[in-house]
Amino acid sequence: MTEGCAVASVVGMLEEREAAARVRVEGLRVEVARLAGVLEAAEIELDRRVIAREELVEALAACAAGTTAVSEPLPGASSTSSPRAR
């Protein structure tokens with residue numbers, strides 16, 4: 001019967017380890033879910049910052065194009081006529 005007790009003891013030890021592993025797995029699942037939420041929030045922030053930068057670049061390009069268009073002579077205007085000569 002000593003052998004039977006030893007087997008029961010080993011089985012009990014394995015069950016304890018299994019239970020501990022289940023607790024660890026559940027804790028990790030909770031942590032993964034939390035981190036998924038953190039990641040989603042960070043991705044949203046990144047998307048917003050990329051959009052903001054792209055819109056700024058577009059606005060600056062439009063502003064630069066508008067400034068260039070004003071400073072360039074109009075088609076058909078002579079090179080001798082200037083705003084100061086008027």
Side-chain angles (χ1 to χ4, degrees):
M1 182 94 166
T2 309
E3 207 174 282
C5 289
V7 170
S9 177
V10 170
V11 169
M13 181 183 66
L14 291 174
E15 287 173 342
E16 287 176 8
R17 288 181 178 179
E18 180 183 340
R22 287 183 193 281
V23 168
R24 177 157 166 69
V25 166
E26 184 55 34
L28 290 171
R29 284 186 178 138
V30 168
E31 183 69 5
V32 166
R34 184 189 71 77
L35 289 173
V38 171
L39 176 60
E40 181 180 6
E43 287 173 336
I44 289 169
E45 180 182 355
L46 174 61
D47 289 344
R48 289 179 51 226
R49 293 183 184 277
V50 167
I51 291 168
R53 180 186 46 79
E54 289 172 346
E55 288 181 350
L56 176 62
V57 168
E58 286 177 14
L60 291 173
C63 181
T67 303
T68 303
V70 171
S71 63
E72 293 177 357
L74 295 174
S78 69
S79 59
T80 57
S81 65
S82 70
R84 291 183 186 160
R86 291 182 189 174

Without placing hydrogens or testing angles, list every side-chain donor-acceptor pair under 3.5 Å for residues 26-37, not counting sequence neighbours.
from: Glu31; atom 1: OE1; to: Arg34; atom 2: NE; distance (Å): 3.3
from: Glu31; atom 1: OE2; to: Arg34; atom 2: NH2; distance (Å): 2.8

Please list every donor-acceptor pair under 3.5 Å in which a side-chain atom of residues 46-62 meets a protein atom from a residue at least two apart or in another chain.
from: Arg49; atom 1: NE; to: Glu45; atom 2: OE2; distance (Å): 3.0
from: Arg49; atom 1: NH2; to: Glu45; atom 2: OE2; distance (Å): 2.9

By salt bridge (charged side-chain N to carboxylate O under 4.0 Å, His left out), Glu40 pairs with (sequence neighbours left out) none
Checklist line | Pairing residues for Arg24 by the side-chain hydrogen bond (donor to acceptor under 3.5 Å, both in side chains) criterion, not counting sequence neighbours | finding: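 Residues passing side-chain hydrogen bond (donor to acceptor under 3.5 Å, both in side chains) with Arg24: none at all.
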Atom pairs and distances, side-chain donor-acceptor, residues 6-15, under 3.5 Å, sequence neighbours left out:
none

